[in-house]
Amino acid sequence: MDTPENTGPDELPRRFGPIASLVRRELLLVGAVLVLLALIAIRFPAFVTPANLASVFNDTSILIIMALGQAAVIITRSIDLSVAANVALTGMTVALLNAHVPELPLLLLVALAFLQGLVLGAVNGFLVWKVGIPSIVVTLGTLTIYRGLAFVLSGGAWINSFQFSAGFLGVPRAEFLHLPLLSWLAVAVVAATTLVFDRTSIGRAWFAVGGNPTAAVYAGIDAGRTRFLAFCFSGLLSGLCGYLWVSRYAVAYVDVASGFELDVIAACVIGGVSIAGGIGSVGGTVLGALFLGIIKNALPVVNVSPFAQMAISGAIIIAAVTLNTRAERKGGRIILRPQVAAIPAE
Amino acid sequence: MAPLLQLRGISKFFPGVKALEGVELTLRPGRVTALIGENGAGKSTLVKILTGIYQPDAGEILIEGRKVHFDTPEAAQRARITAIHQETVLFDELSVAENIYLGHAPKNRFGLVNWAAIRARSMALLHSLDAPIKATMLLKNLSIAQRHLVAIARALSVDSNVVIMDEPTAALSHKEVEDLFRILARLKASGKAILFISHKFEELHRVADDYVVFRDGRTIGAGRMADATHGELVHMMVGREVDQVFPKAPATIGAAILSVKGYSHPTEFDNISFDLRKGEILGVYGLVGAGRSELCQSLFGMTHPSAGSVAIDGTFVSIRSAADAIKAGLVYVPEERGRHGAVLAMPIVENVTLGSLGAVSQRGFIRAAEEFKLARHYAQRFDLRASSLSQPVGTLSGGNQQKVVIGKWLATKPKVIFLDEPTKGIDIGSKSAVHAFMSELAGQGLAVLMISSELPEILGMADRVLVMKEGRMAGFFDREGLTAETLVQAATGNMGALR
Ligand SMILES: Nc1ncnc2c1ncn2[C@@H]1O[C@H](COP(=O)(O)OP(=O)(O)OP(=O)(O)O)[C@@H](O)[C@H]1O
Ligand SMILES: [Mg+2]
């Protein structure tokens with residue numbers, strides 16, 4: 001046989017995710033998205049016009065941004081269920097400020113959204129790190145706490161579109177090279193996250209801690225701190241989405257984005273982020289979010305009742321995940337993974 | 001004698017790798033067949049095919065002349081084939097008895113698990129292995145060697161005709177190896193066909209009747225062990241002559257870099273003192289369970305001592321975490337690569353640079369070119385067999401994974417390096433590369449502490465030897481005139497020496 005040689009960088013394909021085989025999986029996802037679009041196009045050609053696709057992308061931007069934050073957390077073998085509650089609370093904060101103190105500059109509000117999101121994420125991370133509670137328990141708790149706080153802040157009242165300043169609502173809609181700013185923001189977050197995942201030590205640490213926490217500790221990586229930073233990252237992006245959400249739908253109330261955390265997690269899982277940790281990529285996550293976004297946008301067009309829509313998207317998620325695990329197995333990964341889907345507190 | 005099991009033209013391909021290409025193998029009842037080959041030659045892949053974990057891409061398996069297919073591990077088990085795998089897969093949160101009988105638990109007449117029988121039989125099995133383990137202990141509380149004994153007990157708990165052992169002695173010390181060999185003799189006497197994989201030639205010459213040599217996934221030779229000399233076997237396996245193993249070159253030994261005094265731990269070791277000097281290789285010998293790894297783990301900041309002091313270059317240091325240790329210039333290459341060493345889902349490059357990301361980064365960003373350069377350096381140094389540096393470490397052969405782990409630690413450019421069984425599972429050719437490299441490191445003024453259970457390695461490589469017994473220091477010897485008997489005696493005390 002041709003002896004496997006030591007290969008140098010010159011002969012190696014450039015890759016975007018940290019795991020070469022993921023590239024193959026991403027191609028599979030691209031294929032799935034194209035097939036999906038083709039199926040829709042057969043009955044509704046208007047769906048695949050560039051203008052409509054751009055609007056679907058814009059509609060999916062928030063999901064993409066939040067899924068990237070969630071991916072970081074899941075890669076470290078944790079989970080963040082509080083992201084949607086973070087959106088509701090942060091969204092409520094900036095909405096209230098804008099409604100009551102309209103002269104505050106938008107940039108300040110956005111900075112505040114980032115900051116508050118970060119703090120909320122840090123609270124999760126801190127409890128996981130220092131108190132040692134499993135992340136699923138921590139974020140299940142903070143999920144209700146954050147929504148509760150949103151209620152306390154607003155007293156249960158709604159803030160409606162006429163109460164917002166023009167800039168607050170207008171800026172994310174402002175078009176730039178044919179795309180709204182919201183879409184460009186998603187693109188920027190994708191680029192930044194790619195850099196963080198592939199080219200920084202913290203990104204590398206996320207993969208190491210999720211892939212093998214013990215080995216990471218032996219390599220001098222503080223597993224707790226690494227997870228903490230993943231939660232901060234997820235919180236930061238959720239905070240930004242708090243503002244984006246309220247601005248996009250021009251309304252703020254306690255139940256904003258209710259249940260959206262499940263979409264976010266589904267996007268990650270469809271995109272090949274392993275719940276067992278250590279595996280995932282930016283490209284996959286984005287494709288997962290797009291896949292979900294297309295389904296959500298297409299089903300109403302096809303005139304399916306909202307309940308059937310939920311059932312259908314659920315079924316499609318399961319199908320996508322099955323396909324993914326198949327692909328993973330074919331790749332010949334380690335046969336018996338010791339802990340499947342364990343989310344240890346460590 | 002009629003063959004019990006025959007393999008004809010077995011091939012197995014992975015993306016980018018031909019792990020096996022038309023190999024032939026025959027096992028006969030009552031005979032031990034040694035399977036010899038370099039790291040990555042395809043030995044473990046063959047074991048996985050024989051146990052139904054992988055399906056071959058070509059070729060046939062015959063049992064007593066009949067063609068069989070193993071679609072699942074259960075099918076192989078039904079065909080009465082059992083194996084001790086190189087990487088033991090056991091369950092941390094289950095008891096020893098549960099681990100042994102998981103999947104084939106004896107049932108009572110109501111079809112429920114018969115716990116009494118499980119406990120009794122596990123105890124009997126462990127007793128026959130002379131293993132000091134209680135059947136009710138939780139697996140996570142056991143040491144590596146003890147886990148390995150459990151894996152052996154698990155393999156023996158099913159009554160089989162074919163017993164496969166993939167590097168069973170790598171994790172064991174002298175005494176357990178002897179126990180294992182006694183069991184091997186018993187299995188042989190009862191007419192079982194045994195396939196035995198090991199990189200230790202002394203063992204192979206002792207236990208094996210026949211041999212088969214693999215190179216790069218092909219069968220290179222087979223025959224009776226008695227007809228082949230050591231040199232012939234090595235030549236078949238590597239395809240060239242191998243320089244003498246254990247070539248510690250003379251190095252000027254300087255001042256003490258690491259000084260440890262009265263170092264104690266509440267449960268693992270007590271009152272350990274030694275100096276580790278520049279340019280020196282200090283061997284640490286002892287039986288498995290003597291507290292050698294625990295000592296190094298504690299010095300590396302993984303556990304906290306109850307008393308004692310540590311000084312590096314004359315200044316006292318307090319090492320509370322692995323990060324502290326690495327900062328102080330001290331690294332530990334752990335023995336258990338799967339659990340402590342490698343992130344299996346990560347590519348080779350990222351594993352190698354995991355401990356030294358600072359060195360390959362610029363302005364906080366990792367530079368791909370630098371990273372690959374560093375990884376390639378160590379890959380070539382240790383003759384790593386991989387299809388590309390982007391291959392996940394989990395898809396490498398056991399010995400090649402070990403090379404990645406060693407490379408990772410050397411890449412951090414330490415002052416003091418602790419090597420825990422550095423050549424465990426590494427083939428003879430690469431072993432001499434690792435030894436040459438250790439000796440070169442010492443020559444450059446590094447201080448090396450090497451834990452090893454292999455006497456020739458200790459005797460050949462160490463300038464001084466610290467012997468530990470049951471967590472205490474049992475002797476300190478200079479290289480000159482040191483013999484294996486002295487070390488074994490010190491490590492076992494009188495009682496052990498009788499064995
Ligand atoms: N799941 C897999 N995916 C891709 N390649 C694999 C996989 N499993 C094994 N290989 C490759 O097959 C070859 C043979 O590996 P194998 O584990 O059989 O070697 P081995 O002879 O047992 O070596 P060692 O002495 O190091 O244990 C190696 O090149 C390895 O990288
Ligand atoms: Mg092997």
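Letters A, B, ... are given to chains in the order of the sequence lines, protein chains preceding strands, and every chain is numbered from 1. This is a predicted model, so every value here is computed, not measured. What's counted below: heavy atoms across the whole structure, side chains too, no hydrogens, waters or symmetry copies.
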Residue pair B:T353, A:R204: steps toward the side chain to side chain contact (heavy atoms under 4.5 Å, CB included) verdict: CA-CA 10 Å; B:T353 56; A:R204 200 55 70 74; 3.8 Å; yes
Heavy-atom pair of closest approach, residues [X] and [Y]:
{"X": "A:Y218", "Y": "B:A322", "result": "O-CB, 4.1 Å"}
{"X": "B:A345", "Y": "A:G278", "result": "CB-O, 4.5 Å"}
{"X": "B:K408", "Y": "A:A215", "result": "NZ-O, 4.3 Å"}
{"X": "A:S201", "Y": "B:I366", "result": "N-CD1, 4.0 Å"}

Contact class of B:T412 relative to chain A, heavy atoms under 4.5 angstrom: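 B:T412 has no heavy atom closer than 4.5 Å to chain A.
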Is there side-chain contact between [X] and [Y], with at least one heavy-atom pair below 4.5 Å?
{"X": "A:I221", "Y": "B:L354", "value": "yes"}
{"X": "B:F365", "Y": "A:L195", "value": "yes"}
{"X": "B:M346", "Y": "A:N212", "value": "no"}

Interface moiety of A:I202 toward chain B, non-hydrogen atoms closer than 4.5 Å: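 No part of it gets close to chain B.
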Largest heavy-atom contact set with chain B, pairs under 4.5 Å, which of A:V196, A:D222, A:T200: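 Going by pairs under 4.5 Å, I would pick A:T200.
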Choice from A:A208, A:G203, A:G211 maximising heavy atom contacts with chain B below 4.5 Å: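 The residue among A:A208, A:G203, A:G211 with the greatest pair count is A:A208.
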Pick from B:S321, B:S361, B:A342, B:G355 with the largest number of heavy-atom pairs that fall under 4.5 Å of chain A: B:A342
